[in-house]
Amino acid sequence: MLDVTGIAAPGAWAKTGNTSLPGFGLTLGLSLTYLSLLLVIPLAALALYTARLSLPEYWAILADERVSSAFCVSFLSAGYAAVINGFFGFIIAWALTRYAFFGRKLIDALIDLPFAIPTAVAGISLAVMFSPNGILGKILMPLGIEIAFSKAGIVIALIFIGLPFVVRTVQPVIRELDREVEEAAMSLGANFAQRFFKVIFPSILPALLTGVALSFARGVGEYATIIFISSNMPYETEIVPLLIVKKLLQFDYVGASALGSAMLILAFLLLLVINLLQSWMKRDGNAA
Amino acid sequence: MGISIRQVHKHFGGFVALDEINLDIPEGELTALLGPSGSGKTTLLRCIAGLERPDAGSIHFFGENATNKPVKNRGVGFVFQHYALFKHMTIFDNVAFGLRIRPRATRPGRDEIREKVHKLLAMVQIDSMARRFPGELSGGQKQRVALARALAVEPRVLLLDEPFGALDAKVRQELRRWLRYLHDEMHITSVFVTHDQEEALEVADRIVILNKGAIEQVGTPEEIYDNPVNPFVYEFMGRVNLFHARFRRNESGAEGKAEMAPGQPPVSLFIRPHDIELQRHDEDGKGIAAKIIAHKVLGNRVRVELLTPETGEKIEANIDRKTWRDSKFNTDDSVYFRILGAKVYKPDATWSDYVI
């Protein structure tokens with residue numbers, strides 16, 4: 001199907017022309033084969049399945065109010081969560097990298113927990129914690145703050161899921177910050193705020209954006225954590241992945257694939273924008 | 001006096017980096033802090049800058065105690081070995097940084113900043129690259145930007161930490177000369193750190209030799225080179241032949257010829273390779289027999305390795321190419337060498353000139 005062989009002339013493929021590094025043909029061939037098996041073929045199947053619909057039919061499915069409000073919930077919650085994760089994830093990464101304190105290693109290890117915990121477990125524990133009788137719910141409920149079974153609950157679940165993405169992408173960049181660059185700024189008369197906002201933050205921003213984008217992408221696709229903490233009310237707190245599952249349960253495969261493809265396109269566009277933003281910011285190149 | 005350093009002490013854990021340093025750096029001069037790695041030269045520079053706080057002692061800038069002043073208020077320009085440019089800013093923005101971050105009251109206007117930055121960039125000969133990013137520049141160009149950035153804030157003191165250490169030999173030569181030229185134009189009190197004695201000799205008005213956290217000698221390049229106060233300085237300032245010899249008193253009672261002879265108290269004899277002369281024949285009886293065991297032509301000089309058959313000592317001589325060629329010397333020849341000048345270091349720690 002795909003004409004990718006390991007023996008393609010390197011010069012013809014490599015952008016740099018006569019590259020002296022061997023293995024270009026082989027590695028690129030393997031990468032493309034692997035990616036097509038893993039990503040392109042399933043996605044193409046999705047596209048083909050969706051293509052059974054005519055454009056007006058496709059549009060009709062998406063324009064359904066229940067569907068569009070689910071899209072709103074999914075993307076907005078993921079967006080909010082990603083932004084909040086960006087802010088706090090940055091602070092956590094900063095604290096964990098820049099300061100030495102007792103228990104740092106332990107906290108550092110904790111960061112990865114959301115990766116390891118089954119998402120259903122995370123969802124249930126969050127739901128219990130914020131339920132009217134839960135530890136936090138008991139305090140928040142009387143104040144009129146309702147988290148469990150509300151949109152806020154969805155955002156909190158996504159924050160939980162997405163935090164490690166931000167911390168883990170930002171941490172190495174903070175660690176690699178050049179101490180001398182800060183000292184140079186200091187000698188030029190910069191106070192802490194100026195050093196932070198004009199020197200440190202701009203050099204971390206590209207990595208932070210990557211982290212936020214990853215957290216966002218993860219949030220858009222998240223299913224298990226949310227269905228436990230959300231009331232899953234149509235028009236209110238129903239997310240797209242749940243809607244897809246519901247459609248599947250009703251044997252509406254075409255409808256489900258329509259939602260899936262729309263989600264895919266939206267997520268792809270958003271990630272593309274973030275990527276472009278990043279490469280624009282990194283236009284100085286990372287050459288030392 | 002420009003900068004006065006009084007009783008400055010600094011240690012890192014158990015390591016004493018600076019031990020009771022007292023030093024005066026004259027205003028308007030270019031001073032080199034010279035020493036081997038670990039001698040405390042960079043720590044001293046960082047203490048002057050305020051990037052490091054001394055454990056004890058004080059540092060005065062132009063008569064005013066600056067010991068506890070934070071870096072940003074000291075009015076120092078600092079140039080790092082690895083440039084430390086702001087990678088996300090253009091060259092122009094890098095140089096303008098120090099001016100733009102000033103509080104509104106003292107910040108120059110937009111046009112004034114632009115004019116000043118371009119003037120500085122023209123001075124360091126990279127005005128055409130104002131809109132590029134540091135990643136697109138060569139090492140030498142980056143260091144020029146770093147210098148322009150440091151000078152933009154009109155510092156009272158310019159500090160350079162091994163500024164040419166990361167550059168290749170030719171660029172280093174060029175920038176050295178250029179730094180000297182620049183200093184002659186601006187007369188800003190400057191201190192630079194180096195481990196390269198040639199660099200210090202070429203660029204500095206005054207050299208401070210550091211070793212193990214203490215100052216060994218302070219003086220002009222000539223003073224340091226011609227009259228090193230102790231063997232450390234002598235050895236640090238250039239290649240050296242070291243002999244352990246004994247004095248034989250001549251008839252008049254004055255200390256005369258040094259010989260590798262037993263019986264007398266030992267002395268150390270330091271001889272620079274270029275203070276050794278080679279001859280085919282021992283014409284006046286003062287020469288010492290030796291054999292050329294190797295030679296290496298280094299441009300217009302020839303480095304010759306000699307071996308004395310009597311004592312089996314290896315001696316390095318450095319003679320000019322013309323003499324080498326005219327006398328038709330070659331490896332494995334038997335020759336005589338004469339010592340034109342030497343320093344003698346006695347066990348009682350006195351240090352004297354010795355001319356044969």
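Only heavy atoms go into these numbers, but all of them, side chains included; no hydrogens, no water, no symmetry mates. Letters go in sequence order (proteins before strands), and every chain restarts at 1.
In the displayed structure, A:Phe87 atom CZ is contacted under 6.0 Å by at most 12 heavy atoms of other residues, nucleotides or ligands. Annotation: B:Glu115, atom CD; neighbour count of heavy atoms from other residues, nucleotides and ligands within 6.0 Å does not exceed 12. The number of heavy-atom neighbours closer than 6.0 Å to OH of B:Tyr181, taken from other residues, nucleotides and ligands shown, is 12 or below. Under a cut-off of 6.0 angstrom, the local environment of CZ in A:Phe115 is crowded, with over 12 non-hydrogen atoms contributed by other residues, nucleotides or ligands. The number of heavy atoms from other shown groups lying within 6.0 Å of CZ (B:Phe12) is above 12. No more than 12 heavy atoms of other residues, nucleotides or ligands shown are found within 6.0 angstrom of NZ on A:Lys151. Enclosure of atom CZ in B:Phe61 by more than 12 non-hydrogen atoms of other residues, nucleotides or ligands within 6.0 angstrom is indicated.
Listed here is the closest heavy atom pair of A:Ala184 and B:Ala84: CB-O, 3.9 Å. For B:His88 against A:Val199, the heavy-atom pair with the smallest separation is CE1-O, 3.5 Å. Between B:Ile101 and A:Lys198, the closest heavy-atom pair is CG2-CD, 3.7 Å.
Note that CZ of A:Arg195 and NZ of B:Lys72 are 8.5 Å apart. Values are rounded to the nearest 0.5 Å.
No side-chain heavy atom of A:Asp178 sits under 4.5 Å from any side-chain heavy atom of B:Phe80. Counting heavy atoms from C-beta on, the side chains of A:Glu183 and B:Phe78 never come closer than 4.5 Å.
Of the listed residues (B:Asn73, B:Leu99, B:Val76), the one with the most heavy-atom contacts under 4.5 Å to chain A is B:Val76.
Only the backbone of B:Leu85 comes within contact range of chain A, judged by heavy atoms closer than 4.5 Å. For B:Arg132, no part lies under 4.5 angstrom from a heavy atom of chain A. At a 4.5 Å heavy-atom cutoff, the contact between B:Ala150 and chain A is made by backbone atoms alone.
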